[in-house]
Structure formats: structure tokens, C-alpha cells
Amino acid sequence: MLVFTAFLPFVADKTWLKTYYLSALTIAGLLLSAAILVTIGVEGESIAKREVYSAYSMEKY
């Protein structure tokens, strides 16, 4: 996120920049929330809490 915001001053057309930036941030947050909910739903709270990469361990099997 920091790398992409570093390039924002160099964008030529800034009319829709705020809308695109906020919509991309919202979509990324929703996808992350969905991945967390699916991981907790599949593995359970106790296993998802212990695993460092719980989404990876879910996809291994």
C-alpha cells in the first residue's frame, strides 16, 4: 500500500484518483475479511489462532 501511494503524485489525471483508491482499499479489505472468515469457518478458532499461516495450512490438504 505504501509503494502504491508513493506513485500517486505522478498520476496525470487526478479526477477519479480518490474514488479508485478508496474502492480498491474497500475491495481489498472485504477480500481479506472473507479469507479470515473462511479460514476460521473451516479450521475452527483454536487451530486458526495457533497457526502462523492458517490459510496456507488450510489449502495444503
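- Two different hydrophobic clusters hold Ile47 and Ile40 under the rule that ILVMFWY side chains link at heavy-atom gaps under 4.5 Å.
- Atoms OG1 and OH, from Thr15 and Tyr20 in turn, are 7.5 Å apart once rounded to the nearest 0.5 Å.
- Phe4 and Leu2 are assigned to two separate hydrophobic clusters, defined by single-linkage of ILVMFWY side chains at heavy-atom distances under 4.5 Å.
- Interatomic distance, CG of Leu31 versus CD1 of Ile36, reported as 11.0 Å (0.5 Å rounding).
- Here CG of Leu25 is found 10.0 Å from CG of Leu30. Values are rounded to the nearest 0.5 Å.
- In this structure a side-chain-to-backbone donor-acceptor pair under 3.5 Å is missing from Ser54 to Glu51.
- Annotation: the span from Glu43 atom CD to Arg50 atom CZ amounts to 9.5 Å, rounded to 0.5 Å.
- Atom NZ of Lys14 is surrounded by more than 12 heavy atoms from other residues, nucleotides or ligands within 6.0 Å.
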